[in-house]
Amino acid sequence: MTTANRTLRRKQREPLSDASLLTLIAIGIFVVMYAAAVIFMGGAFQKVQQFLDLFNENAALIIIACALTVVMIGGGINISVGGIIGLTCMACAKFLEYSAPANSTLAVLLTVALALGVGLAFGLFEGFMVSYLEIQPFIVTLAGMFLARGLTTILSVNPVKVTHEGFQALVKTKLQIPWLGYTAKNGNLIPAKLEIGAIIAVAVVAAVWLMLRYTRLGRGIYALGGNRQSALMLGINVKSVCFRGYVISGLLAGLAGLVFLMHKPAANASIAMRSEMDAIAASIIGGTLLTGGVGNVIGTLFGVMILAAIQKIIGLSPLNESWWQDMASGAMLGIFILLQSVILNRRGKGGTKDMQADRG
Amino acid sequence: MDKKKESIWKRMGIGQLAIPLTALALLFLFNLIRDPGFFSVVVNINNSGNPVLGGNLISVINSASELAIISMGMTLVTAACGGQDISVGAVGAISASVFIKLLIGMGNVTAGTLTVATLACIATAVAFMMFNGTLVSVFRIQPMIATLILYSCGRSIAYWITGSATPQVDSPIITAIGMTIPGIPVPTPVFMVILVGVILAVIFKRTNTALYTQSVGINQGAARLNGISPTAVKMLAFGLLGVCVAVASVIATCRMSQVSHKTLLVDIEMDAILAVAIGGNSLGGGKFRMSGSILGAYIITMLTVTLLAMGINSVNIKAYKAVVIIIIVGAGSPVIKNRMILWRNRRSAAAVKGGAAS
Amino acid sequence: MQNDVVLTMRGISKLFPGTKALNNVDFTLRRGEIHALMGENGAGKSTLIKVLTGVYEKDSGSIHIEGIDGEAAIHSPQDAQNAGISTVYQEITLCPNLTVAENMFIGRTEDAVVHWKAYEKKAAAILDSLGIPARPKQELSSCSLAVQQMVAIGRAVDMNCKVLILDEPTSSLDEKEVAMLFRLMRDLKSRGVGIIFVTHFLEQVYEVSDRITVLRNGELVGEYPVAELPQVELVARMMGKSLNDLGDLKKADKSFSAGTENVYEAKGLSSVVRKPFDFRIRKGEVNGFTGLLGSGRSESVRAIFGADRVTGGQVRMNGKEVRITGPHEAMKNGIGYLPEDRKRDGIIAELSVRENIILALQVMRGFFKPMKRSEMEKFADEYIRELNIKTASQNTPVGSLSGGNQQKVILARWLLTHPDYLILDEPTRGIDVGTKLEIQRLVLKLAEENMSVTFISSEIEEMLRTCSRLIVMRDGNTVGELTGDELTQAHVMETIAGGEAQHG
């Protein structure tokens, strides 16, 4: 027992787990990348607004990346979130344009309800199919994506611009932070601005972090992804946990749609096309494993930040072409995937007989 | 007599194809009731004065070609790795770019230059698929994540190769491949599907691809103890998928006489995975039935054409497709299958009891 | 006396397709005792445990638990837990990605919110009182297997279990860890917990247990206080002598196996899980590795076949030096290997009987030389007939066959390759007596046809009747090599059991 006591005394702080290591690497890379941009590219990057724009412009992506992180930690996948954003945007835009009451507050409240309702409906449906009918999540959410995209174009093939005053007022409401602003050439102080959507996104990150860390559901999701069989033996209702994970991801996707519309109050059929894959990539870069059980939303947030910063840096560099941005993102993703593989294989060492046999 | 009959049924795998066959039959029935004219085949005369077959059925068979070819490769990768490749569309765009770039670079399109370009196209697709295969088999990354890399940047690589948005190539040879060969009224892509199918059939006949792939997919450890290398088998599956993707990209290029890196074979990965699933193959790998996936590809296309024929706007089709997909995969759900078996057992048990009582 | 009993199982039977896993078994557990449940593979230990923990439904019999009126209704692991039965399995059933404290408390409350501080405090108290060397905040995967197991025990103890089942808890622990675990077990015993201890290690049974129940072939052999059952007696009870009356299969004259050439010879062969060892086998010889499960017998033959990563040694086949680093090279050099775990390493469940039979020969012929369908059918038919494999047709998926017939399919697979040297690791495990005899006869017939065979079995009787040389292993080391007159049951058991042999 003495050895045990000694180790207890000596190591008060826990050693870094692999998951936190991956997250820290993501944070580190973002900081280095952004600092390099500020130093070497100067100009726009020296303005705080540029940093805040990472949040303003990617609020919806942050939210669906959180949704994906929740589902992926539970060992599943959801590729319908981008479709749900598209459908929510279109539904809200049409509602606001054609049938919303003139009363601003009521209209906005109904819009919020509509957005969350659409997301919830998809979440309930997909959760049921995956957890209780045991159909592969990829196929279920693929069908969900088709359904959402199809319904979007059924609502309207043509772009719908939102002109409703109540909603426009919401869009224009921005949090102004004068002390982070800068002085323009003509001597006027231009304050830094943070959009409501960005604030919602940060709030979502915080809420999901709390949910994953401090609620029975959140811990159940980790247990489910860690080892489904063990989770069952430990007395967790795995079907219900899995179901609720999908419901949350659907709800968040609906919310992301609303945020998307608030950033750019116009809906069209191709909104957020393929954004589910960006969300998956962001989660992976942030340290979430597709195999489940490992990940956290702080890492995911930085995953989005890395992808967004790459776009911005290349956008402001001489290489300003979209294919450079994609290739840089792809390369970054590749590096992180390989890194994860190496770390995981290292962890596998000293494992069971059949793992060793497998490797031999 | 009875025994013989059963073995033929089993050999053809009709049992496992029950759901996709039923789906196809229902689609036929639906169209028959809705509008028997759906099945009419007409002979049109095209611009150059040659007879060409037309009609909904021909349209199904023609436009399903790329999907059917890629589904065949996807089936193999799914069987061997227990996961899917989502980069087939992007890799197709890359190989198509190589194809058209070479064709344009070599000037006149002749049989010779076409062969060179096609071979280069196949080599490119195989090389990129080998990249995926290495990540999956050596680094043990889940196929979907491994192929996410090329999914997200493949089309940009394609653009980087062509250097312009939509390079075009104009030649009767290209039209002959993408549309019809003068004098033959059946669209050429249909023959390409048959060609790929025959090549794969020969490969299956002449090598142990099917046996090895299924063994690795079902029980990797046991396969290894029988001297099969799981890594090699997975690489082979990705390599063959590469060939399929290359052929599909050539067809798609020739159809349009151009390569648009953004839209060429776009979203085909999703349809191909669906085709595999609808064909009754498990997405978890193992035993597979190529015919099921091909059937799946035609069901998806038939569904699309049916919806179009019903006057549904082409952009809205996805929603209706989703509903049908949910019904088909729902019918194959393990939970529902078990319920059915339980129900059947209970019924037969009750019957036995009833018999004993009387 | 009656008050002392916490668990009574009476007349438990459980039927699986093809085998009777449990036949009318009784089991009694008293408060504050460590009760060893012993038996070789297929004896029914794990089935009995699974019935008790609600993983399987029993076909007949009754279970009574102290404090519960009438028959205890156990239909799921959850029911068992509620009734005060906790199980710690050989494979850890905790979540590796959660912390130690969390693994102790997750799934036990209806609270929506996790009280980390409270959990960690309580967990620290439990860890401390049980002397488990783990920190509450530590991620479980960073603990050694022993500690993980102890954490699982800690969880069970905190749930006020009356019955604690330890299923092979020591099989992956080293000596120090085992000692740690035993201290914990004795501590729990003094608190009045009844412990069912399942293990294959005899010394350990005698070190901690109070009472032993022996099962064999799904039937109860008996319940004994530990002091009344010497080690050699225990081995005898476990192995059984029921096959004695079937007589000696081997010819009285063993000269047929006395070819002189070494077919296979290894010096200093080692793998990632097997210490270096020397081994040879002559043409037409049948030898065996014996020892209890976990003694290293399977690891030895896996090293010969290259199934685990080979780390060193020189190998000669028929006098020529060869390099065998993987199954494919072993096969090319004429070695066949029937693995111990049929389900995990042997059958390709969803493939047909035919495909499973021809698999190895097909691989040896090469990727580009597939057999003709007619040839496959001929081979399959031939071996289905020869080995008397009971299957509806050759198209039947092998997974739907009974255990014995699956084993015959794999046997057929290797016989079809006509190996010089065939390794059979537990070919008779979990199959019925008739099939066992068939397999033993076959082994002798093969030896007469000049094939060399290594035969491993948990039943000593079987090995005595087939092998002319036995290599005895204990705890990963070779502890003896028996031939000729030494091949008696008593002698083998003495060598396996080690130390206290004189009682035999």
Side-chain angles (χ1 to χ4, degrees), chain A residues 1-9 11-20 73 75 210-220 222-238 241 289 291-295 347-360, chain C residues 53 55 76-78 81-82 87 89 91-99 102-103 105-116 124 127-128 131-135 137-142 144-145 147 155 159 172 180 183 271-273 298-299 302 306-310 325-326 341 344-345:
Chain A
M1 234 28 39
T2 48
T3 46
N5 284 339
R6 211 180 308 137
T7 39
L8 264 178
R9 232 177 301 126
K11 285 191 195 167
Q12 279 305 321
R13 290 179 62 98
E14 290 306 321
L16 217 54
S17 67
D18 290 340
S20 335
I73 289 174
L210 287 173
M211 186 277 287
L212 284 175
R213 176 131 183 89
Y214 287 107
T215 67
R216 195 158 58 101
L217 172 63
R219 301 321 292 174
Y222 274 97
L224 173 67
N227 188 331
R228 191 190 174 92
Q229 196 56 37
S230 291
L232 194 67
M233 300 290 247
L234 289 173
I236 293 164
N237 186 343
V238 290
V241 167
L289 298 186
T291 42
V294 177
R347 180 196 276 184
K349 251 173 210 159
T352 55
K353 183 169 85 179
D354 75 337
M355 283 184 75
Q356 278 159 348
D358 221 28
R359 205 178 302 130
Chain C
T53 52
V55 178
S76 71
Q78 214 52 46
Q81 245 173 47
N82 295 340
T87 318
Y89 291 98
E91 319 90 49
I92 308 291
T93 47
L94 301 177
C95 288
N97 56 331
L98 304 182
T99 67
E102 199 170 9
N103 266 300
F105 294 100
I106 197 168
R108 287 173 55 188
T109 65
E110 293 295 311
D111 287 0
V113 175
V114 178
H115 306 287
W116 285 98
L127 294 173
D128 209 37
I132 302 171
R135 302 178 302 279
K137 286 186 183 176
Q138 197 174 3
E139 196 174 295
L140 189 80
S141 61
S142 69
S144 70
L145 278 180
V147 173
R155 177 185 164 100
M159 290 171 81
S172 42
M180 220 152 64
R183 208 159 35 222
S271 79
V272 280
V273 290
S298 294
E299 285 74 5
R302 285 178 70 89
D308 297 322
R309 194 152 51 83
V310 175
T325 54
D341 190 332
R344 202 190 63 192
D345 295 334

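Convention: sequence-line order gives letters A, B, ...; per-chain numbering from 1. Values below: every heavy atom of this structure, side chains too, minus hydrogens, waters and symmetry copies.
A donor-acceptor pair under 3.5 Å is formed between the side chain of C:Asn103 and the backbone N or O of C:Cys95. Of the possible donor and acceptor atoms, one in the side chain of A:Arg219 sits under 3.5 Å from a partner among the backbone N and O of A:Leu212. A donor-acceptor pair is defined here as one N or O able to donate and one able to accept, closer than 3.5 Å; such a pair exists between the side chain of A:Tyr222 and the backbone of A:Gly295. The closest donor-acceptor contact from the side chain of A:Asn227 to the backbone of A:Gln229 lies under 3.5 Å. Not a single donor-acceptor pair under 3.5 Å links the side chain of A:Arg213 to the backbone N or O of C:Val114.
Contact of C:Thr109 with chain A is made through backbone and side chain together, with heavy-atom distances under 4.5 Å. Heavy atoms of C:Glu110 lying under 4.5 Å from chain A belong to its backbone as well as its side chain. For C:Gln138, the parts lying under 4.5 angstrom from a heavy atom of chain A are both the backbone and the side chain. With a 4.5 Å cut-off on non-hydrogen atoms, A:Arg228 does not touch chain C at all.
Between chain C and the options A:Leu232, A:Leu234, A:Ile236, A:Leu217, heavy-atom pairs under 4.5 Å are most frequent for A:Leu234.
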